[in-house]
Amino acid sequence: MRVPVLLSALLGVAACGESTPIAVPPQPPRGIVVLDGFIQPGLTFLGDTGQVTSRLPLAPPTELDAGGFTLERDTVLTVSSRGAGDLLYIVDIGALSARRVQLPPRSNPSRARLFRGSNGQALIAAALRDSSAIALVSVAGTAAPTMARIANAGLCPTDMFQYDNATWVVDANSNCRTNYAVQGDVRLIRIPASGGTRDTITLPGVRGSGASAVLAGQVAYVSAGGEANFASVPFSLLASGAVAKVDLAARRVQTIRPLPAGTFGAGTRRGLDGFLYVSLSENLSTFTSRILKLRADDLSVVSTGTTPWLDLRTAAGAPVTCGSGQADALGRLHCIVNGAGSATSLIVFSPTLVETRRVPAGQGGVDLALR
C-alpha cells in the first residue's frame, strides 16, 4: 500500500524520536490597512479588535487620486495618475513614515509593486499606462532614487509582477492615453530579464482598462472589470468583467470565469483563507457594491443565497453592501463602505456572513488589505 507523503513524513519523524509537528491553527490578521483615496488622502490602520485607529496622511486631494494599493512585507505602495502629478508613494508601516517619488511626467501610473532588489536597494516597479512602459525605481535609504524603464510593455500596462527570472506585464489593451477605450482582450506579456524573446498570452473575453493580477505561486489570477460607455446617460454596458487563471510555468490559460451579466468592475484580492474575493458593482444604474467569492482551483462561485454574490447581513438580518472585500485566515470577511460625507467604515463579518464589527476608518475609503 502506498503511504501518503504527509503521513510517511510524520511516521519518519516519530521513528527518529522527534516530537510530532503540531498544526498551527489559523490566526487573526496582525492588522488592517484602509486607503482613503479622496477628501483626506492617507492610510488608516486598525487592529483586529477594538475601536482604536491611527492615521497617516499622504497628500492633499490634488496630489492623490489612487483607487487601490499594494501591501507587501509591511510596505504600502500606491500611485497618483497623470491628473494628480504622476507620483509614487512608499509607506513603511512599522515606522509610520511615507516617501513620495516623482515618476515620469504624463506617464499616468496605474499600480506599483515590490520587485527583487540588490545591493541593499529596494526595487519598485510601476506600470506607466501612457508611456507603454514599466518604471523600475531603486531606493536606498534617504538617497535620491534612480530609475530605469522597460519599454514597449504593451498598449496600456496596468500591472506587473516577477516570476521565473522575468517581468510579467498585465496589458489592459486599451487606449489609456485618451479615453480608455478597450481595443481588445487583456494580454499577459512575459519579458525575460535576459532580454530574450517575449511571450504574449491573450486572455479571451477578459476586457477592461483596469486590469490587474493576483499572484499565488506559479499561478496568476488576472481580472478586468469589463467595458462600458460613460459618455452619455444612461450608461451602457458593453461587456461585464472576467477573471482568468494562468499557469505561468506552462504559459497557458487554465480557465476563465465570466463575472455575472450586468455587473461592472473586478477588484480582486486573494483572501488569507485561500479564496478569491471580487468586488464589483451590481449594475451601472445604482452601482450597488457586491462581493463574489471564487474558489482558487477552478474559479467556481461560492454562493450563499439566491444570487451569486455573498449575502451579507447585520445581526438583525438586514442586508449589508460593501466593497474591497478580503477574508482573513479565520474566514471572516472584511470590507469597507462609505456613508454620509464619504465617512468610511470597516465592517467585519463572521464566517456565516453576519456582521460582528463596524469601526470608523477615515474618509473617502477606496481599498483595504489585511496584514
Side-chain angles (χ1 to χ4, degrees), residues 34-39 65-68 81 83 110 156 158 172-176 178-186 205-212 223-243 256-269 276-294 299 301-314 317-326 333 335-347 349 353 355 358 363-368:
V34 174
L35 172 64
D36 304 315
F38 60 98
I39 301 180
D65 60 358
S81 72
S110 168
C156 176
T158 51
N173 200 9
S174 300
N175 192 355
C176 295
T178 55
N179 59 2
Y180 293 93
V182 172
Q183 303 299 300
D185 295 331
V186 170
V206 182
R207 300 170 70 87
S209 60
S212 63
S223 59
E227 184 179 2
N229 180 8
F230 294 106
S232 60
V233 179
F235 304 137
S236 58
L237 182 67
L238 305 178
S240 289
V243 180
I256 294 178
R257 167 63 57 183
L259 298 179
T263 63
F264 186 78
T268 305
R269 284 195 179 275
L276 298 179
Y277 292 87
V278 184
S279 298
L280 43 72
S281 295
E282 182 178 348
N283 53 57
L284 292 184
S285 54
T286 64
F287 288 93
T288 303
S289 296
R290 300 295 186 184
I291 298 174
L292 288 178
K293 180 179 181 180
L294 305 180
L299 298 185
V301 177
V302 181
S303 179
T304 58
T306 58
T307 63
W309 34 80
L310 296 179
D311 184 17
L312 308 175
R313 300 278 173 170
T314 66
V320 180
T321 59
C322 57
S324 300
Q326 184 181 20
L333 180 71
C335 62
I336 55 175
V337 64
N338 291 326
S342 296
T344 303
S345 296
L346 165 73
I347 309 177
F349 296 87
L353 303 181
E355 181 180 328
R358 187 178 289 239
Q363 187 179 23
V366 295
D367 200 8
L368 167 152

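It should be emphasised that the depicted structure is a prediction, and the values quoted were computed from it without experimental measurement.
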* **Closest approach of L368 to L346 (non-hydrogen atoms, all atoms of both residues)** => CD1-CD1, 3.4 Å
* Asked: Is it true that a side-chain atom of N338 and a backbone atom of G365 form a donor plus acceptor pair closer than 3.5 Å?
  -> yes
* Asked: Restricting to pairs with a member in residues 282-292, which pass salt bridge (Lys or Arg N to Asp or Glu O under 4.0 Å), not counting sequence neighbours?
  -> E282-R290
* Please identify each residue that fulfils side chain to side chain donor-acceptor pair (under 3.5 Å) with T288, with sequence neighbours left out. => T286
* Asked: By side-chain contact (heavy atoms from CB on, under 4.5 Å), which residues pair with S240, not counting sequence neighbours?
  -> L237, T263
* Asked: Any donor-acceptor pair under 3.5 Å linking the side chain of S303 with the backbone of G305?
  -> yes
* Which atom pair, heavy atoms only, marks the closest approach of D367 to G68? -> OD2-CA, 3.3 Å
* To do: Go through the structure and list residues passing salt bridge (charged side-chain N to carboxylate O under 4.0 Å, His left out) with D185, not counting sequence neighbours.
  => R207
* **side-chain contact (heavy atoms from CB on, under 4.5 Å) involving I39 - partner list, sequence neighbours excluded** => S342, Q363
* Where S289 and G323 come nearest, the two heavy atoms and their spacing -> CB-N, 4.3 Å
* To do: Would you please name every residue forming a side chain to side chain donor-acceptor pair (under 3.5 Å) with T158, sequence neighbours left out?
  => none
* Taking E355 as the fixed residue, which of L333, L312, T314 is the one that meets the side chain to side chain contact (heavy atoms under 4.5 Å, CB included) rule? -> T314
* Under the side chain to side chain donor-acceptor pair (under 3.5 Å) rule, collect the residues that match up with S81, sequence neighbours excluded. => D65
* Rounded to the nearest 0.5 Å, what separation is found between the OH atom of Y277 and the CD1 atom of I291? -> 9.5 Å
* Could you tell me which residues satisfy side-chain contact (heavy atoms from CB on, under 4.5 Å) with N175, sequence neighbours excluded, listed by chain and number? => R177, T178, N179, Q183
* Would a distance-only check, ignoring hydrogens and angles, find a side-chain to backbone donor-acceptor pair under 3.5 Å from T268 to V278? -> no
* If you look at every heavy atom in L299 and V243, which pair is closest and at what distance? -> CD1-O, 3.4 Å
Taking distance alone, no hydrogens or angles, what donor-acceptor pairs closer than 3.5 Å link side-chain atoms of residues 228-235 to residues at least two apart or in another chain?
unit_1: N229; atom_1: OD1; unit_2: A231; atom_2: N; d: 2.9

* Quick one: closest heavy-atom pair of A224 and V206, and the distance? => CB-CG1, 3.8 Å
* Donor-acceptor pair, side chain of T304 and main chain of L310, under 3.5 angstrom -> no
* **Test side-chain contact (heavy atoms from CB on, under 4.5 Å) applied to V337 - qualifying residues, sequence neighbours left out** => C322, S345, I347, R358
* With sequence neighbours excluded, what pairs up with S209 under the side chain to side chain donor-acceptor pair (under 3.5 Å) test? -> none
* Asked: Are any non-hydrogen side-chain atoms of F349 and V320 less than 4.5 angstrom apart?
  -> yes
* Under the salt bridge (charged side-chain N to carboxylate O under 4.0 Å, His left out) test, which residues partner R257, sequence neighbours left out? -> none
